[in-house]
Every structure is written in C-alpha cells, then in structure tokens.
Novice: 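Mind looking over this structure? Questions follow.
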Amino acid sequence: MTTAIAYPNDIVGIIASEVLSAEIARYYLTVPLYPDTLVSTIDKFRPTFIVVERAALYDGSWFGVESESGGLLIEEILRIEKWSTKHGRTFIYIDNDWPDQNYSHEIRNSAHVRFPSQEFWLAMPEQPRRRKIFHVASDYSERTNND
C-alpha cells in the first residue's frame, strides 16, 4: 500500500541524515543533493525548499565541508543560497551545538531560515509558518539538540 504524500507539488532538496530525510519524505517529494550534481539536480527538480542538516556535513559526500580543507565543497553549499534567492525558494539550515569549524558561520549565515530558533515563530508571517516543512525542521532540531 502506498501512502499519499501530503504536499505532492512541493519538492524538497535535502542534505540530511536518514532520520530527517525519512521524516521529510512523509510529507514531501524529496531529492538528495550531492556535491558533483548539486547544480544540475536543483536546476532539474527546482525544489521549493532546500534543507541542509549540519550533522549530515560530517559524513558521506559532504564530509569536511566546514573544515579548512572544504574549499570546493563550501562553494557548492553557498550555491544553494544563491540559487534559492534567485528563484524565490527557501534554504533551511538545521544547526546543532557542535563546535564551529572554519566555514560553519558562512554556511549558517547563508541560510534563509535556521533551526533551532526561538525567533522564527515570532518573526515569520503567519502564512509561511503554517508550512509543514518548518514544523518538521523545528521539531527535529529541538529533539536532536536536546538529546
């Protein structure tokens, strides 16, 4: 039996752990983003949201992006912000409390929305706040940062 996706018209590009990816996939069509194909993937699928989970940058193909040697990878991550802004899409960053590395601030500051965030729910207009993706990101960041 196939479960219907709640928001089939919205695609979410993801750089995230398996747990967060699965949570997002419960509601949205998802497409994973990899360094070698980032630009072609977002141009092809034109995601409504792009979610980057900081913990996912410490494993797999994005490993080392925050470190001193992450020069080429950081350029790819920063392309997400440029593409998202140009196309009116939202770049969501899910942070954690790990010590910062060389490019941590750059990645964090390039995102349109960051979680965990107390300010988000007060500052964001009511209509966009209702989007399920913001609730999934916020709930997940609170769970993982309180463990």
Side-chain angles (χ1 to χ4, degrees), residues 1-67 70 72-98 101 103-121 123-147:
M1 185 166 106
T2 304
T3 305
I5 295 174
Y7 306 99
N9 295 325
D10 289 326
I11 295 174
V12 179
I14 52 173
I15 299 171
S17 64
E18 289 182 24
V19 173
L20 178 57
S21 297
E23 281 191 43
I24 293 170
R26 290 176 51 208
Y27 304 100
Y28 295 93
L29 297 172
T30 62
V31 60
L33 302 175
Y34 301 102
D36 295 342
T37 58
L38 175 73
V39 174
S40 61
T41 302
I42 60 178
D43 280 342
K44 178 180 179 180
F45 292 99
R46 303 184 60 76
T48 306
F49 304 99
I50 297 177
V51 175
V52 175
E53 177 187 5
R54 185 176 185 204
L57 303 178
Y58 286 78
D59 195 17
S61 58
W62 292 100
F63 177 77
V65 68
E66 290 187 348
S67 71
L72 294 176
L73 290 175
I74 188 65
E75 290 175 22
E76 293 299 307
I77 291 286
L78 297 178
R79 286 181 192 198
I80 293 172
E81 185 276 329
K82 291 175 184 159
W83 185 91
S84 299
T85 300
K86 179 180 177 182
H87 297 281
R89 308 305 172 123
T90 304
F91 171 17
I92 301 168
Y93 183 70
I94 299 177
D95 208 346
N96 59 29
D97 57 1
W98 296 349
Q101 294 188 32
Y103 294 113
S104 302
H105 289 290
E106 232 175 313
I107 297 169
R108 185 178 297 118
N109 292 333
S110 69
H112 300 123
V113 178
R114 291 174 291 286
F115 290 105
S117 172
Q118 300 299 319
E119 297 82 29
F120 172 79
W121 303 109
M124 191 66 137
E126 173 114 3
Q127 187 57 31
R129 284 192 314 207
R130 292 183 183 174
R131 300 298 298 259
K132 185 65 177 176
I133 190 71
F134 296 126
H135 293 277
V136 170
S138 179
D139 293 347
Y140 181 83
S141 70
E142 287 177 15
R143 279 196 323 272
T144 58
N145 282 294
N146 291 325
D147 289 346

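Small disclaimer: the values here were computed from a predicted structure and weren't measured.
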Novice: Could you tell me how the ring of F115 sits relative to the ring of F134: parallel (under 30°), tilted (30 to 60°) or perpendicular (over 60°)?
Specialist: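 Rings of F115 and F134: tilted, 30 to 60°.
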Novice: Which atom names give the shortest non-hydrogen contact between E66 and S104, and what distance separates them?
Specialist: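 Minimum heavy-atom separation between E66 and S104: OE1-OG, 3.0 Å.
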Novice: Taking I133 as the fixed residue, which of T48, I92, V113 is the one that meets the side chain to side chain contact (heavy atoms under 4.5 Å, CB included) rule?
Specialist: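 Among the candidates, only I92 passes.
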Novice: Does D43 have any side chain to side chain donor-acceptor pair (under 3.5 Å) partners at least two apart in sequence or in another chain, and if so, which?
Specialist: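 With neighbours one apart ignored, the set is W83.
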Novice: How far apart are the closest heavy atoms of A111 and F91, and which atoms are they?
Specialist: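 Reported closest heavy-atom pair: CA-CD2, 3.5 Å.
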Novice: Are S67 and Q101 linked by a side-chain donor-acceptor pair shorter than 3.5 Å?
Specialist: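 No donor-acceptor contact under 3.5 Å links the two side chains.
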Novice: CG/L29 to CG/D10 distance, rounded to the nearest 0.5 angstrom?
Specialist: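 Here the interatomic distance stands at 8.5 Å.
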Novice: Do any N or O atoms from the side chain of W62 and from the backbone of R54 form a donor-acceptor pair under 3.5 angstrom?
Specialist: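 Not a single qualifying donor-acceptor pair exists.
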Novice: With no hydrogens and no angle check, do the side chains of Y140 and E53 hold a donor and an acceptor under 3.5 Å apart?
Specialist: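 E53 and Y140 do have a side-chain donor-acceptor pair below 3.5 Å.
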Novice: Mark yes when over 12 heavy atoms from residues, nucleotides or ligands other than N109 sit less than 6.0 Å from its CG; otherwise mark no.
Specialist: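 Enclosed.
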Novice: Could you tell me the separation between the CD1 atom of I15 and the CG atom of D59, rounded to the nearest 0.5 Å?
Specialist: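 Result: 13.0 Å between the selected atoms.
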Novice: Side chains of R114 and S141: is there a donor and an acceptor less than 3.5 Å apart?
Specialist: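 No pair is found: no donor N or O on one side chain lies under 3.5 Å from an acceptor on the other.
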Novice: Test: ring-ring contact (aromatic ring centres under 6.0 Å, His included). Region: residues 23-45. Which pairs qualify, not counting sequence neighbours?
Specialist: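 Pairs touching residues 23-45 that pass the test: Y7-Y28.
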Novice: So T90 and I50, side-chain contact (heavy atoms from CB on, under 4.5 Å) or not? Walk me through it.
Specialist: CA-CA 6 Å; T90 304; I50 297 177; over 6 Å; no
Novice: So which heavy atom on T41 is nearest to which on P32, and how close?
Specialist: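 Taking T41 first and P32 second, the nearest heavy atoms are CG2-O, 4.1 Å.
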Novice: For residues 72-82, tabulate all N or O donor-acceptor pairs below 3.5 Å that involve a side-chain atom, not counting sequence neighbours.
Specialist:
{"from": "E81", "atom 1": "OE2", "to": "T85", "atom 2": "OG1", "distance (Å)": "2.8"}

